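Just so you know, residue 1 is the first one in the sequence shown, and it goes up from there. Indexing begins at 1, ligand by ligand and atom by atom, following the structure's order. Predicted, not measured: the structure shown is a model, and the values here were computed from it.
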Amino acid sequence: MVARDATKHNFSCTVDNVLITSGSQQALDLLGKVFIDPGDKILVENPTYLGALQAWNAYECDYLAVKSDKYGCFLIVWKKSLKRILNSCMRYPIPESHRISFSLERRKKVVELADKYGVPIIEDDPYGKLRYEGDDLPTLAQLDSEMRGQSKGQYNGNVIYLSTFSKILAPGIRLAWVIGPAEAVSKIAQAKQGADLNTSTFNQLMAYEVGKDGFLDEHVEVIRRVYHERRDVMLDALVEHCPKGVEWTHPEGGLFLWVTLPKAMTRPN
Ligand SMILES: Cc1ncc(COP(=O)(O)O)c(C=O)c1O
């Protein structure tokens, strides 16, 4: 079902490219286990998802934090940083997040640069289907596959893509998926056996039943509307109640926004 859905959205892959995990959080940990050696450097946005750093800290990597604006990471800084971390590890963007949605141009550039410098990308995309404004943009994995001219069959590119049922169905069922090159997926599957042998088959069957005939797609449309309304209520409440000097983002999707307090309102370090 996951491979079929990805293919429907112009990302050509087969079941050999897919691994079901117990949440994306487990996938992040397994990626650390398989790919990170002590001292490796990972390029991350600043700020980024704390759970990824918590998962990877155990593997003794370092981070290079890259600032973003509302269109995504700053690519010039990125280019310099990529050169610095050549022969090192990988990069971790969240193209739809609490603060920003990467523009199409930045997405393409990120994919091109990572390919040019041979740096794998971990694309963490839990919120891709929860967009309330603007066009639905292709994922980095899709763009990477397009760039390689892979219109059918197995995906064999540079991106390891993660997404999850947590934000579109239920977080408690702990079900997510990884799509990546078959060789990498097979290594991650081996590491997973050491962690939990397999992800709850009962929950997988449940998600399959919900997803196989289009109910999940309809459900996503409903929650998109609900979360859109909630976002707008939150934005209006911030305008009404926040004192001068407080700033916040206007996210085009996802479940969070980022509020920045003026210095006078923050605790000294
Ligand atoms: C960016 C990001 N990645 C991964 C996860 C983990 O998701 P899951 O519930 O599938 O483990 C979350 C959860 O909030 C998240 O926000």
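- Y155 has its ring centre less than 6.0 Å from the ring centre of F11.
- Evaluated for a side-chain hydrogen bond (donor to acceptor under 3.5 Å, both in side chains) with K192, the options T199, T21, N198 yield exactly one hit, T199.
- Taking Y161 as the reference, nothing meets the ring pair (Phe, Tyr, Trp, His ring centres under 6.0 Å) condition, with sequence neighbours excluded.
- Counting only heavy atoms from C-beta outward, the side chains of L137 and F102 never approach each other to under 4.5 Å.
- Contact annotation: Y127 has at least one heavy atom less than 4.0 Å from an atom of ligand 1.
- With atom 3 (N) of ligand 1 as the reference point, the heavy atom nearest to it among D29, T48, D124, L255 is part of D124.
- At the shortest separation from atom 13 (C) of ligand 1 among protein heavy atoms lies K167 NZ, 2.9 Å.
- Contact between Q26 and ligand 1 is absent, with no heavy atom of the residue lying under 4.0 Å from the ligand.
- Looking at atom 11 (O) of ligand 1, its nearest protein heavy atom turns out to be R174 NH2, 2.7 Å.
- Under the 4.5 Å side-chain heavy-atom criterion for grouping Ile, Leu, Val, Met, Phe, Trp and Tyr, F202 is connected to V210 within one hydrophobic cluster.
- Summary of contacts: the protein heavy atom closest to atom 9 (O) of ligand 1 is S166 OG, 2.7 Å.
- Counting non-hydrogen atoms of neighbouring residues, nucleotides and ligands closer than 6.0 angstrom, the CD atom of E105 reaches no more than 12 such neighbours.
- A heavy-atom separation below 4.0 Å is found between P126 and ligand 1.
- Protein heavy atom closest to atom 5 (C) of ligand 1, with residue, atom name and distance, is Y49 OH, 3.4 Å.
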